[in-house]
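Note that the numbering runs from 1 along the sequence shown for the chain.
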Amino acid sequence: MNYKMVGYIISLLLLLEAGFMIPPMAIAAYCHEPLALKGFALSIAAILCTAGVLYLLTRNRKSGFFAKEGMTVTGLAWIIMSLLGCLPFWISGEIPHYIDALFEVVSGFTTTGSSILNSVEALDKGLLFWRSFTHWVGGMGVLVFLMAIVPLSGKNGGFTLHILRAESPGPSVGKLVPKMKQTASILYLIYVALTVLNVIFLLIGGMPLFDAVCTAFGTAGTGGFGIKNDSLAGYNSFCQTVTTVFMLVFGVNFSCYYLLLLRRFTDVFNDEELRLYLAIVFSSIALITWNISGLYPSVREAVHQSAFQVASIISTTGFATADFDLWPSFSKAILLFLMICGASAGSTGGGIKVARIALLIKSFRRNVHRQIRPNQLSYIRVNGVPVDEKVMSNVSAYLIAYVSIIIVSFLIVSLDGFSMEANISAVLATFNNIGPGFAEVGPTCNFYAYSTLSKLVMIFGMLAGRLEIMPVILLLSRQTWKKV
């Protein structure tokens, strides 16, 4: 393990985190919020001191950075960022308990959107901005951002692919262009452009600037932190429709947008994952609309509410315009499936990912055919290209880890005595980075009443879900820390 290189990258990451706190601190100063201002000032000082110590300890670092280091630095970076990123909430006293503050910021960075706050609107504006900004920072991945802006080539070149694979969601990650730094830059340029476009459309719809920026941060990162107690229910239908569209947009693999820029429209149209993603979306909207049409005064309103909630759940954003916990069981069952399914690989969404669902279906079909013709060679193909068996092996390992973590987390969380519907949806909502669940953790409720143990379990779940399990699991393995 190249400890010094790992420490050096984390020190750079902490410098970025300190820089990210400057805009919300400026908002706190402008709005005359002394407690929030104190929280950000002391937090920045603590982060800079930590980064300085790490940098001094890693001055004599050597090259040599491989997959193990990539997984380790990704897992450690997100944990350390969260441990320090929650300080403004805690120091300001707005969230008096450290574990609650940690839960809130982990939910932000992992783009989960689950909250322990009973009154969101009671927070200072500086802290509200930071809360939403963590979604945007975590959506594309802060290490991807680091690669896009910091020159990390030369003797340390070649390690960026390991970091990108460890942090980016999906069964496999490749390059858009030959150089990984350029790939990271392209991804973030698309991310920024779509975010700005989202803000513009919300402003056209009459949403105030502060609200529009915070909502766009939550939409782009598919996080779902609202700045109102009713999430987006209080805004007009135009703003809700804009958010519906952009939630679906950010749930698409970003490589599709790069192909659109290259005018390779046929490749985008023939993308199997995109077609399956859209098929799931439109069929879910149709079925839920049929099921809830009697609850609303018109079919149009039923379509509007159905489309918004389907987009919110499959993209793992978590915004709400209605209390879907009151919908019929059939509609709630569809939403539960969408929680597990999640968005596309290479998007900012969570869940198992549509790409893995497609691969699992194809793997099942291949196994059925092998029972009939055991000696026939067959390959799984995606978009006409054979899938490496290592990828299929990783998908199987991911599924085993996914189910195991869900079961163990559910058993631990169930000790708190809440309903089974609340407990299983709370675990699924946090592990799949959704946000709200059902019953006691539904769209009009929060996670405050859970015990400290349950919150720590869900914090682990949020981090493991966002980082595709392995980077977090490997931190707990003795093999990771052994010298070879």
Side-chain angles (χ1 to χ4, degrees), residues 9-55 76-113 115-117 120 122-150 188 191-192 195 199 209-210 213-218 220-221 223 225 227 459 462-463 466:
I9 294 173
I10 292 176
S11 71
L12 294 179
L13 195 65
L14 291 179
L15 290 176
L16 277 180
E17 184 176 32
F20 288 147
M21 286 188 182
I22 293 176
M25 185 172 69
I27 291 173
Y30 178 78
C31 296
H32 305 290
E33 298 168 344
L35 292 178
L37 188 60
K38 173 188 173 183
F40 283 115
L42 293 179
S43 298
I44 290 173
I47 292 170
L48 290 177
C49 288
T50 306
V53 170
L54 279 175
Y55 185 81
L76 282 176
W78 280 71
I79 292 172
I80 294 172
M81 270 188 62
S82 299
L83 291 173
L84 295 173
C86 69
L87 291 179
F89 295 114
W90 184 53
I91 293 174
S92 66
E94 295 285 309
I95 301 180
H97 302 292
Y98 179 80
I99 296 300
D100 287 344
L102 181 63
F103 184 98
E104 198 75 12
V105 86
V106 169
S107 182
F109 279 132
T110 59
T111 71
T112 301
S115 180
I116 51 82
L117 293 173
V120 174
L123 277 183
D124 288 340
K125 279 198 169 183
L127 292 170
L128 274 177
F129 185 88
W130 173 240
R131 184 171 173 263
S132 296
F133 191 41
T134 55
H135 277 335
W136 193 84
V137 171
M140 185 58 67
V142 68
L143 285 163
V144 176
F145 183 76
L146 179 69
M147 289 189 297
I149 66 170
V150 178
Y188 251 97
Y191 189 49
V192 170
T195 305
V199 172
L209 178 61
F210 182 81
V213 171
C214 290
T215 301
F217 284 159
F225 273 155
I227 59 172
I459 286 171
M462 287 187 282
L463 287 167
R466 172 58 183 85

To the nearest 0.5 Å, tell me how far [X] [atom1] sits from [Y] [atom2].
{"X": "I79", "Y": "L102", "atom1": "CD1", "atom2": "CG", "answer": "10.0 Å"}
{"X": "Y55", "Y": "L48", "atom1": "OH", "atom2": "CG", "answer": "14.5 Å"}
{"X": "L83", "Y": "T50", "atom1": "CG", "atom2": "OG1", "answer": "10.5 Å"}
{"X": "L35", "Y": "F40", "atom1": "CG", "atom2": "CZ", "answer": "12.0 Å"}
{"X": "I99", "Y": "W90", "atom1": "CD1", "atom2": "CH2", "answer": "10.0 Å"}
{"X": "C214", "Y": "L209", "atom1": "SG", "atom2": "CG", "answer": "9.0 Å"}

Q: Please confirm whether F217 and F225 have ring centers closer than 6.0 angstrom.
A: no
Do [X] and [Y] touch side chain to side chain, with heavy atoms closer than 4.5 Å?
{"X": "I47", "Y": "M21", "result": "yes"}
{"X": "L87", "Y": "Y98", "result": "yes"}
{"X": "D124", "Y": "C31", "result": "no"}
{"X": "K125", "Y": "W130", "result": "no"}
{"X": "F89", "Y": "L127", "result": "yes"}
{"X": "M462", "Y": "F103", "result": "yes"}
{"X": "I91", "Y": "S43", "result": "yes"}

Q. Does any N or O in the side chain of S132 come within less than 3.5 Å of the main-chain N or O of F129, such that one atom is a donor and the other an acceptor?
A. no
Q) Under 3.5 Å, is there a donor-acceptor pair between the side chain of S107 and the main chain of G113? A) yes
Nearest non-hydrogen partners of [X] and [Y], listed with the distance:
{"X": "P88", "Y": "G85", "result": "CD-O, 3.3 Å"}
{"X": "E17", "Y": "M81", "result": "OE2-O, 2.7 Å"}
{"X": "A51", "Y": "L14", "result": "CB-CB, 3.8 Å"}
{"X": "L54", "Y": "S11", "result": "CB-CB, 3.7 Å"}
{"X": "G138", "Y": "T111", "result": "C-CG2, 3.9 Å"}

Q: Could you name each residue pair satisfying salt bridge (charged side-chain N to carboxylate O under 4.0 Å, His left out) that touches residues 78-106, not counting sequence neighbours?
A: D100-K455, E104-R131
Q: Show your working on side-chain contact (heavy atoms from CB on, under 4.5 Å) between L12 and L16 and close with a plain yes or no.
A: CA-CA 6 Å; L12 294 179; L16 277 180; over 6 Å; no
Q: Could you pull out all residues at least two apart from T110 that satisfy side chain to side chain donor-acceptor pair (under 3.5 Å)?
A: T112
Q: Determine, step by step, whether W136 and Y191 satisfy the ring-ring contact (aromatic ring centres under 6.0 Å, His included) criterion, reporting the C-alpha distance in whole Å, the side-chain angles of both residues, the deciding distance to 0.1 Å, and the verdict.
A: CA-CA 9 Å; W136 193 84; Y191 189 49; 4.9 Å; yes
Q: Show your reasoning for whether side-chain contact (heavy atoms from CB on, under 4.5 Å) applies to F210 and I227.
A: CA-CA 10 Å; F210 182 81; I227 59 172; 4.0 Å; yes
